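Below is one structure, written out as structure tokens; comments come after it.
Predicted, not measured: the structure shown is a model, and the values here were computed from it. The figures that follow rest on heavy atoms only: side chains count, while hydrogens, waters and symmetry mates do not.
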Amino acid sequence: MGPKPVAKAKAKKHAARQTKLFVLDTNVLLHDPTSVYRFEEHDVFLPMKTLEELDNNKKGLSDVSRNARQVTRTLDEIVSSQEDSIQSGITLGDLSHKLASGRLFLQTEAIANELPAGLPTAKSDNQILAVVIHLQRLNPTRNVILVSKDINMRIKARALGLEAQDYFNDRVLEDIDLLYSGIRELPEDFWDKHGQGMESWKRESRTLYRVKGPLCSKLLVNEFLFQESPQPFYAIVRETAGKTAQFETLIDYTHPKNSVWGITARNREQNFALNLLMDPEIDFVSLLGQAGTGKTLLTLAAGLTQVLDSKRYSEIIMTRVTVPVGEDIGFLPGSEEEKMGPWMGALEDNLEVLNKSDGHDGGDWGRAATQDLIRNRIKIKSLNFMRGRTFLNKYLIIDEAQNLTPKQMKTLITRAGPGTKVVCMGNIAQIDTPYLTEGSSGLTYVVDRLKGWPHSGHVTLQRGERSRLADHAAEVL
């Protein structure tokens with residue numbers, strides 16, 4: 001026998017009381033145009049001031065303006081789907097393809113201003129706060145929560161006794177320490193547990209192993225494995241299937257005979273990175289690491305070798321996000337390449353090192369000729385003109401990728417045509433873009449989403465190799 005109708009009604013009432021009412025600030029909609037659909041079974045409320053601010057932001061070509069127009073179109077679709085009164089709320093279930101099951105409420109009446117005397121009522125933030133106060137009074141048993149990306153707005157709301165939260169839905173990870181590092185240390189007893197029935201064979205100069213055991217199910221394709229001992233073991237995972245995995249030993253780029261454009265790996269992680277950068281089967285490489293770990297140098301050395309020596313790619317294309325650290329110095333003269341020049345100091349510094357280390361003894365003339373040859377094969381492009389392009393057989397480097405949003409990152413990586421390799425690098429601790437955090441950066445997003453794909457690899461570089469001063473400064477400052 002099923003539950004009594006009264007018990008059912010009580011359970012329903014309790015469930016209805018449990019759903020929260022989220023009041024959205026404009027910056028949430030401008031940050032994520034689909035945010036209206038991201039609150040699952042809870043209800044969403046949009047104050048009139050939010051709609052007005054969307055209208056003020058719709059003109060222009062910036063990302064914010066694009067998002068404002070997209071939100072407006074989404075809201076138009078939602079509102080025009082409603083045949084009854086808007087006051088009773090619009091069900092989001094069908095429109096969000098079952099992503100959300102709550103309702104959307106729009107402010108349909110003037111709300112009396114109940115703010116403390118000191119707060120100016122003309123300010124839009126304060127008008128939104130007045131709406132939250134009014135809704136909390138109307139729904140005393142329900143959680144009414146303001147969602148805003150603006151920290152000051154959240155502090156103000158809490159000072160008025162209201163509940164306020166940041167918008168978390170765009171976060172790839174709650175804790176950045178959980179981000180995939182691409183490297184795994186094998187436990188000491190690994191071979192005891194996984195060595196039974198192990199197969200091993202040679203392919204060219206490299207050894208392959210097929211092992212079975214409990215750890216194999218946790219491994220990802222193209223993850224690096226190491227075990228430090230008198231006979232160190234370094235390998236990359238090539239295949240995984242249930243409790244079976246296949247490893248392949250690495251090319252040792254720390255040895256001068258395997259140097260790349262005169263550069264050798266100085267530590268274990270750099271060796272791993274070069275194995276990814278030089279592998280023609282890997283189309284996407286992401287390198288994370290603090291300043292001075294060698295991200296740009298290794299990437300450029302691998303790029304020059306594969307463009308000028310092995311002719312695998314036709315040219316190197318380098319781009320980066322132009323976010324100034326200090327005050328902006330204003331408009332820059334010249335063509336696109338010349339405008340990007342000041343942002344490419346890192347490229348110049350690394351080319352200087354590579355030009356000295358290429359090992360060709362041609363004196364000053366030879367060096368100048370090499371420099372010209374290199375410069376002809378490296379193109380510097382601005383992010384602003386990337387949409388609609390397709391790169392064929394290019395080596396595309398995205399520098400300072402931590403300042404990209406997930407959407408910009410997708411736009412860039414989808415430019416890759418046949419035969420193109422994309423290398424993304426950055427330092428998650430150096431984000432200069434407002435509203436982006438370590439958890440919501442495009443670099444974090446792309447590392448997390450592409451891990452385990454057979455044609456992508458990732459390495460987090462640990463040790464700085466710049467100088468003792470830079471290493472010490474990175475630690476103590």
*asked:* Between Val237 and Leu220, does the side chain to side chain contact (heavy atoms under 4.5 Å, CB included) criterion hold? Intermediate values first, please.
replied: CA-CA 7 Å; Val237 179; Leu220 292 167; over 6 Å; no

query = Taking side chain as C-beta onward, heavy atoms only, is Thr411 less than 4.5 Å from Leu404?
reply = no

CD (Glu438) and CG (Leu443) are apart, to the nearest 0.5 Å, by 11.0 Å

If you define the side chain from C-beta out and look only at heavy atoms, does anything of Lys410 sit under 4.5 Å from Thr414? yes

Requested in this report: Would you sort out whether Leu146 and Arg154 count as a side chain to side chain contact (heavy atoms under 4.5 Å, CB included), showing the intermediate values?
Outcome: CA-CA 8 Å; Leu146 170 71; Arg154 297 201 298 270; 5.6 Å; no

Would you be so kind as to tabulate the donor-acceptor pairs closer than 3.5 Å made by side chains of residues 203-211, with sequence neighbours excluded?
unit_1 : atom_1 : unit_2 : atom_2 : d
Arg206 : NE     : Thr249 : O      : 2.9
Arg206 : NH2    : Thr249 : O      : 3.3
Arg210 : NH1    : Glu199 : OE1    : 3.2
Arg210 : NH2    : Gln246 : OE1    : 3.1

Quiz item: When the ring planes of Tyr167 and Phe39 are compared, do they come out parallel, tilted or perpendicular, using 30° and 60° as the limits?
Solution: tilted

Phe22 vs His42 aromatic rings, parallel, tilted or perpendicular, using cut-offs 30° and 60°? perpendicular

Between Leu219 and Thr240 the two heavy atoms that sit nearest each other are O-CG2, 3.6 Å

Between Ile251 and Asn271 the two heavy atoms that sit nearest each other are O-OD1, 3.2 Å

**Message:** Any non-hydrogen side-chain atom of Thr460 less than 4.5 Å from a side-chain atom of Glu269?
**Reply:** no

ring-ring contact (aromatic ring centres under 6.0 Å, His included) filter on Tyr253, not counting sequence neighbours, yields none

Does a side-chain heavy-atom distance below 4.5 Å link Gln196 with Met198?
no

- request: Dump the intermediate steps for side chain to side chain contact (heavy atoms under 4.5 Å, CB included) on Leu450 and Ser286, then the final yes or no.
  value: CA-CA 10 Å; Leu450 287 180; Ser286 47; over 6 Å; no

Exercise for review: Run the numbers on Phe233 and Phe190 for side chain to side chain contact (heavy atoms under 4.5 Å, CB included), then give the verdict.
Suggested key: CA-CA 12 Å; Phe233 174 75; Phe190 177 79; 6.0 Å; no

For Gln290 and Thr293, the nearest pair of non-hydrogen atoms, with its separation, is O-OG1, 2.9 Å

Those residues at least two apart in sequence (or on a different chain) that pass side-chain hydrogen bond (donor to acceptor under 3.5 Å, both in side chains) with Arg66 are Asp63

Sorted by chain and number, sequence neighbours left out, side-chain hydrogen bond (donor to acceptor under 3.5 Å, both in side chains) with Trp453 holds for none

Here the gap from Thr390 atom OG1 to Lys394 atom NZ, rounded to the nearest 0.5 Å, amounts to 10.5 Å

In this structure, CG of Asn143 is separated from CG of Leu21 (nearest 0.5 Å) by 9.5 Å

Closest non-hydrogen contact found for Val221 with Arg238 is CG1-O, 3.6 Å

Rounding to 0.5 Å, atoms OG1 (Thr319) and CG (Leu396) come to a distance of 7.5 Å

Applying ring-ring contact (aromatic ring centres under 6.0 Å, His included) to Phe391 and not counting sequence neighbours gives none

- Taking C-beta and beyond as the side chain, do Asp279 and Ile236 meet within less than 4.5 Å on heavy atoms? no

**Item:** Carboxylate-amine/guanidinium contact Lys20 Glu163, below 4.0 Å
**Value:** no

Check: Is the shortest distance from a Lys or Arg side-chain nitrogen in Asp166 or Lys149 to a carboxylate oxygen in the other one below 4.0 Å?
Finding: yes

Between Cys216 and His194, the two heavy atoms sitting closest are SG-CD2, 4.0 Å

Ring geometry between Tyr395 and Tyr313 (parallel below 30°, tilted from 30 to 60°, perpendicular above 60°): tilted

inquiry  = Is the ring pair Phe272/Tyr234 parallel, tilted or perpendicular, if the boundaries are 30 and 60 degrees?
reply    = perpendicular

Salt bridge (Lys or Arg N to Asp or Glu O under 4.0 Å) filter on Lys193, not counting sequence neighbours, yields Asp189

### Query
More than 12 heavy atoms of other residues, nucleotides or ligands under 6.0 Å from CZ of Arg266: is that the case?
no

Is any side-chain heavy atom of Phe224 less than 4.5 Å from a side-chain heavy atom of Arg268?
no

I'd like to check Val422 versus Val285 (side-chain heavy atoms, cut-off strictly below 4.5 Å). Are they in contact?
no

Would you say that Thr34 contacts Thr74 through its side chain, given a criterion of any heavy-atom pair below 4.5 Å between the two side chains? no

Closest non-hydrogen contact found for Thr299 with Val423 is CG2-CG1, 3.5 Å

